[in-house]
Structures are given as C-alpha cells and as structure tokens.
Amino acid sequence: MTLPEERNLYLEGIRLFNDHEFFEAHEVWEDVWHMAYGTKHDFYQGMIQCSVALEHYCRSNPRGVLSLFKSYNRKFVNVPAKFMGLDVPAFLEKMRQVLAPVVEANPLPEKGEIQLDHSKVPKIELSYDPFENGEAEKFAKPARF
C-alpha cells in the first residue's frame, strides 16, 4: 500500500468515526492495519477496537463494550502520546468517559439496557498531518528484499 493510499484510508476512517459510522470506520481502518507493523499496527488495531466498542454500545451490547474497552487500552500501551496526528491520552480519556456508564457499572447492564449518547462521543481531530511531516513513512513497513 502506498502512503497516499494509506493517508486516504486513515482520513476516511476518521471521517466515518466522526460521523458515528463506527462499523464502517473499523472496516476502512482494517485495510490499513493489515499492511502496518509495529507501533502503527498497534495504533490502527486500537483505533479499530475503539470503533467496535462504540458499535457494540450502539447495538446495546454491554459485554462487547467492556471486552473491547479492555482490549483497545492494551493496544495503546507502547504508542507515543502524540502519534499519527492524534493526542492519544486525550482521545483515550474521552473514550473512557463515553464508555463509563458501561465499564464502571456494577453489575454490568444486560443486553438492551444501554443506549449510547452520541453527543458524548469524541471527535477525532488531528493536530498535524503525519503524512506531511514524515511520521507515517517513518513507521511504514520496510520493503522486502
């Protein structure tokens, strides 16, 4: 995958996420994730899992929300605080806040008992273009010999 193709998919995933099209965002990012490695692989997988967690919330599936919340947080452990234009800690905190009614519930709500407040879903806003400043290329998979 070329960097321009990756850029288009990354930005399309962000647009879909911001439009609350979480399943579609996850699908677009999966195309990029399969071609990534290392830190970028973990980052894309974490973003995919954030989208899926919100999709589970939309479908009123609290077990899915909780499972993905635990999973995506592990994916970001070794990702820099500012990565691919995103303030990762700030984004993860906003995700925690929107998922809090489920992940902090005791007992866990039953399927059908939760409803996502779309007004609380974070918007992904990039502070820089990682394809313009070279970051995306730095973490691109090297050519095979």
Side-chain angles (χ1 to χ4, degrees), residues 1-105 108-142:
M1 174 176 300
T2 67
L3 285 173
E5 290 169 330
E6 179 185 351
R7 181 180 191 273
N8 288 341
L9 291 172
Y10 180 49
L11 296 177
E12 177 65 6
I14 291 171
R15 184 192 68 75
L16 290 164
F17 184 98
N18 287 344
D19 288 345
H20 302 157
E21 301 291 337
F22 307 117
F23 182 82
E24 290 78 5
H26 123 270
E27 288 285 313
V28 168
W29 283 332
E30 272 195 348
D31 290 340
V32 180
W33 168 63
H34 288 298
M35 302 304 291
Y37 86 107
T39 303
K40 215 165 29 167
H41 184 270
D42 291 344
F43 173 80
Y44 282 131
Q45 189 172 25
M47 296 302 288
I48 289 164
Q49 291 176 343
C50 286
S51 295
V52 175
L54 291 166
E55 183 65 25
H56 279 295
Y57 210 142
C58 289
R59 295 180 184 195
S60 193
N61 178 4
R63 291 189 190 284
V65 172
L66 184 58
S67 173
L68 270 295
F69 174 78
K70 291 176 181 176
S71 183
Y72 78 65
N73 277 290
R74 290 190 299 265
K75 297 300 173 190
F76 289 104
V77 168
N78 294 315
V79 173
K82 302 276 190 208
F83 191 72
M84 294 295 287
L86 183 66
D87 181 337
V88 175
F91 176 72
L92 293 177
E93 175 56 22
K94 290 175 185 174
M95 283 293 299
R96 187 200 62 74
Q97 290 172 9
V98 75
L99 301 180
V102 175
V103 300
E104 295 175 3
L108 189 66
E110 294 295 322
K111 186 168 177 62
E113 292 182 348
I114 61 172
Q115 185 173 4
L116 178 63
D117 181 349
H118 284 78
S119 71
K120 294 184 178 183
V121 174
K123 292 286 186 193
I124 297 174
E125 296 176 0
L126 302 183
S127 58
Y128 59 89
D129 185 334
F131 296 89
E132 291 290 323
N133 75 1
E135 179 180 50
E137 185 174 17
K138 176 182 172 187
F139 288 93
K141 190 171 185 175

Engineer: Can you establish whether the number of heavy atoms outside Lys138 located under 6.0 Å from its atom NZ is more than 12?
Structural biologist: no
Engineer: Could you walk me through whether Leu54 and Leu68 pass the side-chain contact (heavy atoms from CB on, under 4.5 Å) test, one step at a time?
Structural biologist: CA-CA 9 Å; Leu54 291 166; Leu68 270 295; over 6 Å; no
Engineer: Distance from Leu11 atom CG to Asn18 atom CG, nearest 0.5 Å?
Structural biologist: 11.0 Å
Engineer: Flag the pair Pro122 / Gln97 as yes when at least one side-chain heavy-atom distance between them is below 4.5 Å, and no otherwise.
Structural biologist: no
Engineer: Do the side chains of Pro80 and Thr39 get nearer than 4.5 Å, heavy atoms only?
Structural biologist: yes
Engineer: Could you report the tightest heavy-atom contact between Ala105 and Pro101, atom names first, then the distance?
Structural biologist: CB-O, 3.3 Å
Engineer: Does atom CG of Asn78 have more than 12 heavy-atom neighbours from other groups under 6.0 Å away?
Structural biologist: no
Engineer: So, for His20 and Phe22, is the gap between ring centers shorter than 6.0 Å?
Structural biologist: yes
Engineer: Closest approach of His34 and Glu30, non-hydrogen atoms and distance?
Structural biologist: CD2-O, 2.8 Å
Engineer: Taking the side chain as everything from C-beta on, heavy atoms only, tell me whether Phe69 gets closer than 4.5 Å to Arg96.
Structural biologist: yes
Engineer: Does Gln115 form a side-chain contact (heavy atoms from CB on, under 4.5 Å) with Tyr57? I'd like the steps, not just the answer.
Structural biologist: CA-CA 7 Å; Gln115 185 173 4; Tyr57 210 142; 5.6 Å; no
Engineer: Could you tell me the separation between the CG atom of Leu126 and the CD atom of Glu132, rounded to the nearest 0.5 Å?
Structural biologist: 12.0 Å
Engineer: Checking side-chain polar atoms at under 3.5 Å, does Tyr72 have a donor or acceptor matched by the opposite partner on Gln45?
Structural biologist: no
Engineer: Where do Lys75 and Asp42 come nearest, in terms of heavy atoms and distance?
Structural biologist: O-CB, 3.4 Å
Engineer: Judged by modelled atom types alone, do Tyr44 and Glu6 share a side-chain donor-acceptor pair under 3.5 Å?
Structural biologist: yes
Engineer: Just wondering, more than 12 heavy atoms not from Arg63 lying within 6.0 Å of its CZ?
Structural biologist: no
Engineer: Report yes if some heavy atom in the side chain of Leu116 is under 4.5 Å from a heavy atom in the side chain of Val98; otherwise report no.
Structural biologist: yes
Engineer: Is the Phe131 ring parallel, tilted or perpendicular to the Tyr10 ring (thresholds 30°, 60°)?
Structural biologist: tilted
Engineer: Does atom NZ of Lys70 have more than 12 heavy-atom neighbours from other groups under 6.0 Å away?
Structural biologist: no
Engineer: Heavy atoms, side chains only, cut-off 4.5 Å: are Phe91 and Cys50 in contact?
Structural biologist: yes
Engineer: Can you give me the closest heavy-atom contact between His41 and Ala36, atom names plus distance?
Structural biologist: CD2-O, 3.4 Å
Engineer: Would you check if Phe17 and Lys123 make a side-chain contact, meaning some heavy-atom pair closer than 4.5 Å?
Structural biologist: no
Engineer: Between Phe139 and Phe83, does a side-chain contact (heavy atoms from CB on, under 4.5 Å) hold up when you go through it step by step?
Structural biologist: CA-CA 10 Å; Phe139 288 93; Phe83 191 72; 3.6 Å; yes
Engineer: Kindly determine whether Trp29 and Ser51 satisfy side-chain contact (heavy atoms from CB on, under 4.5 Å), including the steps that lead there.
Structural biologist: CA-CA 10 Å; Trp29 283 332; Ser51 295; 3.2 Å; yes
Engineer: At their closest point, which heavy atom of Met1 faces which heavy atom of Leu9, and how far apart are they?
Structural biologist: CE-CD1, 3.6 Å
Engineer: Between Pro62 and Pro109, which heavy-atom pair has the shortest distance, and what is it?
Structural biologist: CG-O, 2.9 Å
Engineer: Which value, rounded to the nearest 0.5 Å, describes the distance between Ile14 atom CD1 and Met84 atom CE?
Structural biologist: 8.0 Å
Engineer: Would you call Ile124 and Met47 a side-chain contact if the rule is heavy atoms closer than 4.5 Å?
Structural biologist: yes
Engineer: Rounded to the nearest 0.5 Å, how far apart are CD of Gln49 and CD of Glu55?
Structural biologist: 14.5 Å
Engineer: Please examine the side chains of Asp129 and Arg7, heavy atoms only from C-beta on, and report whether any two atoms are closer than 4.5 Å.
Structural biologist: yes
Engineer: From Asn73 CG over to Leu99 CG, what is the distance, rounded to the nearest 0.5 angstrom?
Structural biologist: 9.0 Å
Engineer: Roughly how far apart are Glu135 CD and Lys82 NZ, rounded to 0.5 Å?
Structural biologist: 11.5 Å
